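Keep in mind that what you see is a predicted model, and the values were worked out from it rather than measured. One is the number of the first residue; the rest follow in order along the sequence.
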Amino acid sequence: MTEIERSPETLAAMERTMAAEQRLKEDLVRIACWIEASHPECLSALEVQRHYSCEDNEIAHVVPLVKDQATRRLIRGEAEAAFRALGWTIRPEGRDVRSIFGRAQSRSQHERLQAFSEIQKVMRNTEMAPDSDPDPRGTA
């Protein structure tokens, strides 16, 4: 097998992208725990869709896996606000996406409570922040 030569810049970019992907997966589960605690018995999982060639901090769509449409819309709004508060940008562009799923059930009860507390704190701090725009594109 032939070894592929990559520049230090390319290797650093690949490491940043892998770290961002791992952070997204962790944030996704934390937000799923927060949503589950806020809406017991509603959420089965939370799906995040990303474009294949997106920036490290970008998400295309947030999709709560909930049967009731009104509840799904409510939870989507809350989950998107939580992702934004954690530094993610939601940028749906109509290109091909891939999905990542997060479930609160993958964590112990202690970890779920800790995640709920962490996201609550982030959301509270975001609400108190001056000049906080819930939509980074300024279209809210």
The test is side-chain contact (heavy atoms from CB on, under 4.5 Å); show your working for Val122 and Glu118 and say whether it passes. CA-CA 6 Å; Val122 168; Glu118 290 169 356; 5.7 Å; no
Under 3.5 Å, is there a donor-acceptor pair linking the side chains of Glu47 and Ser99? yes
For Met123 and Ala82 the tightest heavy-atom approach is SD-CA, 3.5 Å
Look up atom CG in Leu11 and atom CZ in Arg6, then write down how far apart they are to the nearest 0.5 Å. 7.0 Å
Can you tell me how far apart CD1 (Ile59) and CG (Leu28) are? Round to the nearest 0.5 Å. 8.0 Å
Start with the C-alpha gap between Glu36 and Gln105, add the side-chain angles, then the distance that decides, and say whether side-chain contact (heavy atoms from CB on, under 4.5 Å) holds. CA-CA 9 Å; Glu36 182 191 62; Gln105 296 85 352; 3.6 Å; yes
Do Phe83 and Ile100 belong together in a cluster built from hydrophobic side chains that touch within less than 4.5 Å? yes
Quick check for you: to the nearest 0.5 Å, what is the distance between Cys54 atom SG and Arg95 atom CZ? 7.5 Å
Tell me, do Leu46 and Leu65 make a side-chain contact under 4.5 Å, heavy atoms counted? no
Under a 4.5 Å cut-off applied to non-hydrogen side-chain atoms, are Leu113 and His110 in contact? no
Do Val29 and Trp88 belong together in a cluster built from hydrophobic side chains that touch within less than 4.5 Å? no
Between CG on residue Asp68 and CG on residue Leu74, distance to nearest 0.5 Å: 10.0 Å
With the threshold set at 4.0 Å, does a side-chain nitrogen-carboxylate oxygen contact exist between Arg98 and Glu21? yes
Under 3.5 Å: donor-acceptor pair, side chain of His51, backbone of Arg91: yes
Can you tell if the side chain of Leu86 reaches within under 4.5 Å of the side chain of Ile31, non-hydrogen atoms only? yes
Do the side chains of Ile35 and Ile90 join up, straight or via other hydrophobic residues, at under 4.5 Å, putting them in one cluster? yes
Looking at Cys33 and Ala115, what are the two nearest heavy atoms and their distance? CB-CB, 3.7 Å
Rounded distance [0.5 Å steps], CD in Glu9 versus CE in Met14: 13.5 Å
Ala32 versus Gly102, closest heavy-atom pair with distance: CB-O, 4.0 Å
Any cation-pi pair here, Arg112 with Trp34, using under 6.0 Å and within 45°? no
Between Ala37 and Pro40, the two heavy atoms sitting closest are O-CD, 3.8 Å
In Å and rounded to the nearest 0.5 Å, what is the CD to CZ distance from Gln69 to Arg73? 3.5 Å
What do the steps show when you test Glu58 against Arg50 for salt bridge (Lys or Arg N to Asp or Glu O under 4.0 Å), and what is the final call? CA-CA 7 Å; Glu58 290 181 348; Arg50 297 189 85 190; over 6 Å; no
Say whether Ser117 and Gln114, considering side chains only, have a donor N or O and an acceptor N or O under 3.5 Å apart. no
When you compare the side chain of Val63 with that of Gln49, does any pair of heavy atoms fall below 4.5 Å? yes
Residue list, salt bridge (charged side-chain N to carboxylate O under 4.0 Å, His left out) with Glu78, at least two apart or on another chain: none
